[in-house]
There are 2 protein chains.
Amino acid sequence: MTINEELTHELLAFFNGFSSWENSIVRSSELTVSEAHAIEVLGEHEKINMKGLAQKLGVTTGTTTVTVDRLEKKNFARRESTKEDRRVNLISLTDLGKKAFEEHHDFHMHLTEQMTSILSDDEIKQFLNTLKKINAETF
Amino acid sequence: MTINEELTHELLAFFNGFSSWENSIVRSSELTVSEAHAIEVLGEHEKINMKGLAQKLGVTTGTTTVTVDRLEKKNFARRESTKEDRRVNLISLTDLGKKAFEEHHDFHMHLTEQMTSILSDDEIKQFLNTLKKINAETF
DNA sequence: TAATATTGTTTGATATTCAAGATATATGAT
DNA sequence: ATCATATATCTTGAATATCAAACAATATTA
């Protein structure tokens, strides 16, 4: 087995593990999976338009319309149109949405702490560095 | 921003990036997302029972029943009951399913190659090592 | 043997997603 | 300015995906 094959295997296991963890967290919350993902993205962007949100989520804009509709109905997010380009909607979290984000974010922080607890300081720095590179250059 | 906060941020970006990539790959194939995920798991396990498959996928067994139903109907997988425990179904890929796995796996290998092309040999080894630890201890 | 646990399926209700088409607005070429 | 084209978003219709809870069959334990 080459190192790339090994890495492929571990990346898939990592992705599935992360995904399973996320599902179980969401299942025990008041949010649905797609709502939680959208809130995760919105929590890290003050304001983002529909297309940008769709791209971050990896789904079509049609799907994102439905998700944001639901978030608005539940008062987690709001749309705001812009003067510069009146086609564009900027989406942002309401106070309630920010609260939901913080709660969800806490779970993520705990997961991260669980991971780093078994790594040395050096390994953590290296891991962070590598992830940064991959995120910047690959995705 | 602490290092754990940074790491949380990058992990989320990594997960979303991976997820988006996977979605776009699947969208241009003959498989649905859940079928592809199941095939990914089945491709790495000669035979696995419904509960194990559900756990790897991070969904309920009821959901997995539906997914395997569809895979069987499309002739990508088969169920096989065991003598030792007659409640248990062992799922495995058909030849057609193995072919679909290989094709999908090739895409993953390309993604991995894309990632490693921007890393040094040392970084790659370290990254693999860290992922192994996290997969073994956290998920 | 009876009670309990486990594995997998079914059921009924929602949630999720896409592709394709529609609408409104912006941009570019003439 | 005007017309053609591009872009951002939404709508529609249909197929999938998902869960929780109830159920059936088989194993295990007391």
Side-chain angles (χ1 to χ4, degrees), chain A residues 16 19-42 47-74 76-92, chain B residues 16 19-42 47-74 76-92:
Chain A
N16 284 337
S19 186
S20 298
W21 173 87
E22 177 94 18
N23 282 351
S24 75
I25 292 296
V26 168
R27 235 177 268 150
S28 68
S29 82
E30 55 182 338
L31 300 170
T32 68
V33 174
S34 67
E35 286 167 4
H37 283 165
I39 283 178
E40 275 173 356
V41 173
L42 291 171
K47 289 176 178 181
I48 188 171
N49 67 12
M50 294 298 288
K51 194 182 180 190
L53 180 55
Q55 273 167 351
K56 294 268 180 200
L57 294 172
V59 297
T60 64
T61 56
T63 298
T64 307
T65 294
V66 175
T67 304
V68 172
D69 283 349
R70 207 187 335 269
L71 287 178
E72 261 193 330
K73 198 172 291 172
K74 289 189 177 179
F76 284 129
R78 72 172 78 82
R79 284 174 167 93
E80 184 184 344
S81 54
T82 63
K83 288 169 193 169
E84 302 79 45
D85 187 335
R86 302 206 300 172
R87 293 168 305 179
V88 171
N89 278 335
L90 293 183
I91 318 301
S92 57
Chain B
N16 285 337
S19 186
S20 299
W21 174 87
E22 178 93 17
N23 282 351
S24 76
I25 293 295
V26 167
R27 233 177 270 148
S28 68
S29 82
E30 55 183 337
L31 299 170
T32 69
V33 174
S34 67
E35 286 168 2
H37 284 166
I39 283 178
E40 276 173 357
V41 173
L42 291 170
K47 289 176 179 182
I48 187 171
N49 68 9
M50 294 296 290
K51 193 182 181 190
L53 179 56
Q55 274 168 350
K56 293 269 179 200
L57 294 172
V59 296
T60 64
T61 56
T63 298
T64 307
T65 294
V66 175
T67 304
V68 172
D69 283 350
R70 205 185 330 273
L71 287 178
E72 261 194 329
K73 197 173 292 172
K74 289 188 177 180
F76 284 129
R78 71 173 78 83
R79 284 174 167 92
E80 183 184 345
S81 54
T82 62
K83 289 170 193 167
E84 303 80 45
D85 187 336
R86 301 205 300 173
R87 293 168 305 181
V88 170
N89 277 335
L90 292 182
I91 319 301
S92 57

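Throughout, protein chains are lettered first and strands after them, A, B, ... in sequence-line order, and every chain is numbered starting at 1.
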Take A:D85 and A:V66, find for each the nucleotide of DNA chain C with the closest heavy atom, and name the residue whose nucleotide sits nearer the 5' end.
A:V66
Would you indicate which nucleotide in [options] comes nearest to any side-chain atom of [X]?
X: B:R86; options: D:dT16, D:dT26, C:dT10; result: D:dT26
X: B:T63; options: D:dT18, C:dT9, C:dT16; result: D:dT18
X: B:R70; options: C:dT25, C:dT17, D:dT16; result: D:dT16
X: B:K51; options: D:dT18, D:dT11, C:dT7; result: C:dT7
X: B:T32; options: D:dC19, C:dA15, D:dT16; result: D:dT16
X: B:R87; options: C:dT17, C:dA26, D:dA27; result: D:dA27
X: B:V88; options: C:dT10, C:dT7, D:dT9; result: C:dT7

Would you say the side-chain atoms of [X] pair up with the backbone N or O of [Y], donor to acceptor, closer than 3.5 Å?
X: A:S19; Y: A:N16; value: no
X: B:E80; Y: B:S92; value: no
X: B:E35; Y: B:R70; value: no

Within this structure, what is the [atom1]-to-[atom2] distance between [X] and [N], rounded to whole angstrom?
X: A:E80; N: D:dA8; atom1: CD; atom2: P; result: 18 Å
X: B:E30; N: D:dT16; atom1: CD; atom2: P; result: 14 Å
X: A:L31; N: D:dT18; atom1: CG; atom2: P; result: 18 Å
X: A:N49; N: C:dA26; atom1: CG; atom2: P; result: 14 Å
X: B:I91; N: C:dT9; atom1: CD1; atom2: C1'; result: 12 Å
X: A:D69; N: C:dA15; atom1: CG; atom2: P; result: 13 Å
X: B:N23; N: D:dT16; atom1: CG; atom2: P; result: 17 Å
X: A:K83; N: D:dA8; atom1: NZ; atom2: P; result: 21 Å

Does OP1 or OP2 of C:dG8 have a side-chain N or O of B:R79 closer than 4.0 Å?
no
OP1, OP2 of D:dC19 versus side-chain N and O of B:T60: anything below 4.0 Å?
yes
CD of A:E72 to CD1 of A:I91: how many Å apart, nearest 0.5 Å?
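So the gap between those two atoms works out to 7.0 Å.
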Got a second to check how far A:T32's OG1 is from A:K74's NZ, nearest 0.5 Å?
5.5 Å
Toward the 5' end of DNA chain D, which comes first, B:K74 or B:V59, by nearest nucleotide?
B:K74
For B:T61, answer base if it contacts any base atom (sugar-phosphate contacts may also be present), sugar-phosphate if it contacts only those atoms, and nothing otherwise; contact means non-hydrogen atoms under 4.0 Å.
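B:T61: base contact, heavy atoms under 4.0 Å.
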